[in-house]
Structures are given as structure tokens and as C-alpha cells.
Amino acid sequence: MEGMFYNVNGGFVEGIVRGYRNTLLTAQNYSNLTQCETIDDVKLQLGPAYGDTLAALPPNPSTSSLASKTTEKLVADFRYLQAQATGSLAKFMEYLTYGYMIDNVALLITGTLHERDTRELLERCHPLGWFETLPVLCVATNIEELYNSVLIETPLAPYFKGSLSHQDLDELNIEIVRNTLYKNYLEDFYHFVNNHPDMRGTPTAEVMSGVLEFEADRRAINITINSFGTELSKSERQKLYPQFGKLYPEGSLMLSRADDIESVGLAVSGVGDYKSFFDQMNQSGGVGAGNMAGGSANEGKSLEDLFYQKEMELSKLVFTHQFTHAVIYAWVKLREQEIRNITWIAECIAQNQKDRIGNYITVF
Amino acid sequence: MSSGAGREAVFPTRQSLGLMKSKLKGAETGHSLLKRKSEALTKRFREITRRIDEAKRKMGRVMQIAAFSLAEVTYAVGGSNITYQIQESVKSARFRLRTKQENVSGVFLPQFESFSTNDAKDDFGLTGLGKGGQQVQRCRETYRRAVETLVELASLQTAFVTLDEVIKVVNRRVNAIEHVIIPRTENTIKYINSELDEMDREEFYRLKKVSNKKQRDQAATDKELQRQRKKTDGGADDEPPDVLGTQEDDDVIF
């Protein structure tokens with residue numbers, strides 16, 4: 001029943017996204033890409049999927065320009081969808097961009113802290129996280145002004161308010177600021193999809209809860225593992241864990257007390273998926289938890305790889321649901337992974353490291 | 001030896017002969033010393049060349065791995081502005097250089113030694129906290145090793161250039177001594193010797209002449225003297241006349 005009137009507002013956009021999903025690169029495309037000898041070949045192989053966006057590239061482009069062009073395509077598609085979206089879907093898509101906005105604002109905060117000309121940084125900002133009032137933030141010359149501008153001008157104000165003061169921006173490491181913001185963002189997003197009248201009780205709420213919970217857990221685990229050996233204290237660390245997800249609250253509590261990889265494994269053992277990740281990692285004799293730990297591709301996947309793989313599988317599954325906003329989220333994630341895959345393959349080809357080229361993640 | 005060697009402009013005296021002889025001796029000692037120095041330097045030079053070759057190969061490998069680990073970081077972090085963040089969060093250099101000098105047969109070769117300041121804490125340990133932190137750290141380690149290799153290579157290269165210069169100078173000196181100074185000194189000695197011999201012969205001849213003249217003069221004076229004495233003593237001085245002889249007596253005229 002809940003899907004009865006979905007198509008009145010969201011049907012067109014959903015249709016387009018499903019069309020976009022069909023243009024995503026498949027395993028066949030990827031295996032063609034890995035056979036390429038030069039970046040030009042890669043460009044040629046990407047022709048059907050990316051078309052005109054890559055045409056402007058000079059012969060033998062750098063991998064970074066390739067990545068930026070493919071991102072451009074994603075942004076253009078996203079902007080098109082955004083222009084079509086109305087009502088709760090438009091709001092939902094705005095929420096999608098907040099994650100990138102946080103990155104951009106964090107970048108500007110870094111620039112302001114070190115008294116750089118923040119206008120130059122605008123070019124480096126992620127285009128998906130671009131909002132009209134972003135350049136206004138560059139006017140601020142000190143951190144207090146910046147803090148006030150962020151509160152007034154950006155949609156991120158609720159994430160700053162309550163958990164960060166302008167002194168915090170000065171004193172805390174920018175990564176902590178960023179992760180605090182991201183935690184607030186995830187919680188808000190979670191709250192939004194579960195409580196908005198248009199989405200409560202619909203497949204959107206159900207599916208988005210699933211992917212957001214996974215995202216929250218992934219962040220919690222990553223933060224824990226990456227904070228080993230740094231000056232981040234355990235109580236500070238606990239503050240960065242989003243307060244929902246499959247691990248919350250018992251797993252998060254155990255994570256906050258973890259001192260090494262084993263105790264992290266123990267903390268997440270309550271959730272079947274994560275447990276199997278850690279088991280796989282231990283089996284393959286994974287030394288580090290990082291992405292592509294160890295030397296060669298045959299050594300098995302690392303934790304971060306497994307997370308990415310899982311994320312992609314979840315995103316793929318989202319497309320089995322109908323009448324939901326979540327397909328857009330899933331499509332963005334799949335496209336991002338695709339861009340990273342392309343960059344990786346191009347990088348491997350450019351640096352002549354063909355033995356690791358198979359490290360991309362594909363689900364189609 | 002060589003035709004162009006010529007000789008030094010000295011007066012061919014015994015004193016300058018002594019001078020030249022000591023100069024020759026000095027030149028020969030210097031020559032052998034310099035020769036040995038040049039050989040020592042060349043040995044060192046060859047060793048350094050070999051090590052540079054090794055270091056360059058190593059650098060190639062390490063830089064490749066390092067560049068690739070950067071690609072891994074880009075992959076893990078998703079190509080966001082990780083570079084800028086890292087640049088901004090670094091406050092002081094952790095990797096520093098110390099220079100010292102090594103003395104190889106009188107040549108001072110600069111040597112670079114790398115060390116890391118342990119007191120400064122990890123400036124960007126929290127970078128990529130959400131995702132990719134491990135890659136960032138690993139990448140940092142890889143690049144650290146790459147820089148270490150570069151420092152080693154720089155040290156060798158500097159030594160290479162310095163040694164090259166010094167070896168050239170030393171070889172030039174060795175050649176100069178061997179082909180110019182020694183022949184010229186030898187020529188000079190020969191010249192002085194020949195001049196001295198010439199002078200000896202001249203002197204001998206002159207002396208002979210003088211003694212001849214003296215003898216002649218002596219003989220002349222003797223004769224004169226005899227004649228005078230004959231005059232005074234009636235000539236019976238040196239030889240009694242053979243009065244019983246068959247020869248006719250001089251007519252005595254009074």
C-alpha cells in the first residue's frame with residue numbers, strides 16, 4: 001500500500017536512477033579495462049559509459065584528471081536528478097550532499113586555522129558538497145567569524161551547535177571535528193529517514209536504516225582501528241561513535257575500550273557480518289587492518305576492502321526494492337566506488353603494477 | 001726526454017746543481033706520493049660509483065612502491081583533499097639531516113645522515129580517522145624509506161662529484177710532475193753538468209797553457225841566467241870544457 005502514490009512524485013527520478021544503474025560498469029567491462037596497456041585505452045573502454053565527459057581529456061591523461069572528469073559526470077547526473085526532485089525526495093537528496101559539505105567545511109576550517117587564502121581552497125572542494133553560501137565562508141578571517149558564518153550560512157549548523165564551540169575548532173584536531181560532524185550528520189540522517197512523515201514505515205526507512213547502520217558501524221570500527229597509536233583518548237573516541245547501528249550500544253562500548261585488533265574483533269563478534277570479516281582477515285593472515293594490507297593481490301582482502309565490498313552489495317540489494325528514495329543513495333555510492341575502481345585501474349596501468357590491478361570491487 | 005721540456009734559467013754553478021738535485025729528489029718523492037694518493041682516490045671513486053649504481057636501482061624500486069602506496073591512499077580515502085590536510089597539519093620536520101665530513105686521503109667528503117626527531121609527536125596521526133588512516137600511515141612509512149634512500153644517494157652523489165674534481169686535480173699534478181717538472185730538472189742538471197765539464201776542460205786547457213808558458217818562460221829565464229852566469233864565471237860553471245878533446249878550441253881572443 002505504501003507504494004501506491006510514490007510514483008506521483010518520485011516515479012520519474014526513480015526511473016532515471018534505474019536507468020543510470022544499468023550504465024554502471026560490469027565485471028565484463030572491468031576485465032576489459034584491466035587488459036588495457038595505456039590510459040588512452042582505458043579512456044576508450046570508458047567511452048560508452050562516460051561519453052562526452054572524457055572527450056575533452058588530452059591524450060594520455062593523468063589519473064587524477066581522469067578521476068575528476070568521471071566525478072564531474074556523477075555530479076552532473078546528480079544535479080539533474082536534484083532538479084527533478086520534489087518534496088521529501090529533494091530533502092533526501094540534500095541530506096546526501098551534507099556528507100560532502102562536512103568535508104568541504106572541514107577543509108575551509110583547516111585553511112582558516114593556518115591563515116591561508118581560503119578562496120584558493122574552493123577549487124579543491126568536492127562539487128557534490130557545494131552549496132551556494134560556501135564562498136561566504138571564505139570571508140571569515142579568524143576561526144570565530146568562520147564558526148558564526150557556518151552557523152548562519154550552512155545547513156550544517158545543527159551539527160555544529162551543541163557539540164562544538166568555536167574554541168573547539170581551534171583546539172581540537174580537525175579530524176576530530178570532522179568526525180564529530182559526521183557522527184551528528186549520520187544520526188540526523190537516520191532520524192530523518194525514520195521520522196519524516198513521507199518516509200516513516202516505507203521501504204525507504206527500512207532500507208536506509210540498514211545502509212546507515214552499516215555506515216555507522218563501519219565508521220566506528222575504522223575510527224577505533226585507526227586511532228591505535230595516536231593521542232586520541234578512549235573517551236574522546238567514544239564520542240565519535242554514532243549512537244545507532246547494529247553495534248550500538250554494547251558493541252560500541254566494547255569498541256571504546258578496545259586496545260588492539262583482537263579486542264575490536266571481540267567487540268564486533270555480536271554481529272555476524274563483521275565477525276566473518278574479522279575471521280576472513282585473520283585467516284588470510286592479515287597483518288594490518290588497512291586496505292590492501294600486505295604485498296600482493298592473492299593475499300586475501302583486508303578489512304577495509306571487505307567493508308567496501310559489503311557496502312557495494314548492500315547498495316546492489318537496494319535496487320531490489322521499489323518505490324524508495326534509497327536507490328539514489330545506492331546509486332551515488334556505486335558510482336563513487338566505480339570512480340575509485342577506475343582510478344585504481346588507471347593508476348595500476350600508469351605505474352606498471354599490473355599484479356595488483358585486480359583489487360577493484362565489482363558487484364554487477 | 002720530451003723535447004719541449006727545456007730547462008730552467010739558472011747559472012750553471014755547483015750551487016744550483018745541488019739545488020736542482022734536491023729539487024729532482026723532491027719531485028720524485030712528490031710524484032710517488034701523489035700517484036699513491038690518486039690510486040687511493042680512484043679506488044674509493046670506483047667503490048662509490050658501484051654504490052651509486054646500487055642506490056639508484058634501489059631508489060627506482062622504492063620510489064615506485066612509494067608512488068603506488070600514494071595511489072592506495074587515494075583509493076582508500078576516495079580522492080578527497082587528503083594532500084592538503086596533511087600538508088597543513090604538519091608543524092615541524094620529523095625527518096632531518098645531519099652533515100659530517102669524511103676524510104679520504106686529505107679530501108673532505110660531505111656525508112649526509114638522516115635521523116628523525118622522536119620528541120615531536122605524530123602530526124597527522126589522526127588523518128583519515130574515518131577511513132583510510134592505515135593507508136596514510138603506511139604511505140608515510142614508505143615515503144620515509146624513499147627519502148632515506150634519496151639521502152643516501154645524495155650523499156654518494158656529492159662524494160662522487162667532489163672526488164671526481166679532486167682526482168682530476170691530482171692526476172694533473174702527477175702528470176705535470178712526471179712529464180714536465182722531472183724532465184726539465186733532469187735537463188737542467190744535465191746542462192749544468194755539461195757546462196761544468198766544459199768549464200773543467202777549459203780550465204784544464206788554460207792551466208796547461210799557463211804551465212806551458214810558465215815552462216817556456218822558465219826555460220828562457222834559465223838560459224838567460226846561464227848565459228849571464230857564463231859571462232860572469234867564464235863559463236866553467238856548469239861543465240868543465242874538454243880540454244883534451246879533439247875539437248878545436250875556440251880561439252880565445254882577449
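We use all heavy atoms of the structure for the numbers below, so side chains are in, but hydrogens, waters and symmetry mates are not. This one's a predicted model, so the numbers in the text were calculated from it and none came from an experiment.
- Residue A:Lys239 qualifies as open at atom NZ: its count of foreign heavy atoms under 6.0 Å is 12 or below.
- The two residues B:Ala71 and A:Gln351 have their closest heavy-atom pair at CB-NE2, 4.3 Å.
- With a threshold of 4.5 angstrom between heavy atoms, A:Leu121 approaches chain B through side-chain atoms but not through N, CA, C or O.
- With a 4.5 Å cut-off on side-chain heavy atoms, B:Phe68 and A:Arg356 count as touching.
- The number of heavy-atom neighbours closer than 6.0 Å to CD of B:Gln101, taken from other residues, nucleotides and ligands shown, is above 12.
- Other residues, nucleotides and ligands contribute only 12 or fewer heavy atoms inside 6.0 Å of the CZ atom of B:Arg173.
- Taking both residues in full, the closest heavy atoms of A:Tyr360 and B:Tyr75 are given as CA-OH, 4.0 Å, listed atom of the first, atom of the second, then distance.
- Atom NZ of A:Lys234 sits in a crowded spot, with more than 12 heavy atoms from other residues, nucleotides or ligands closer than 6.0 Å.
- Atom CG of A:Asn352 is separated from atom CD of B:Gln64 by 7.0 Å, given to the nearest 0.5 angstrom.
- The local environment of CZ in B:Phe11 is sparse, with at most 12 non-hydrogen atoms from other residues, nucleotides or ligands closer than 6.0 Å.
- Interface remark: A:Leu240 contributes side-chain atoms only to the contact with chain B (heavy atom separation under 4.5 Å).
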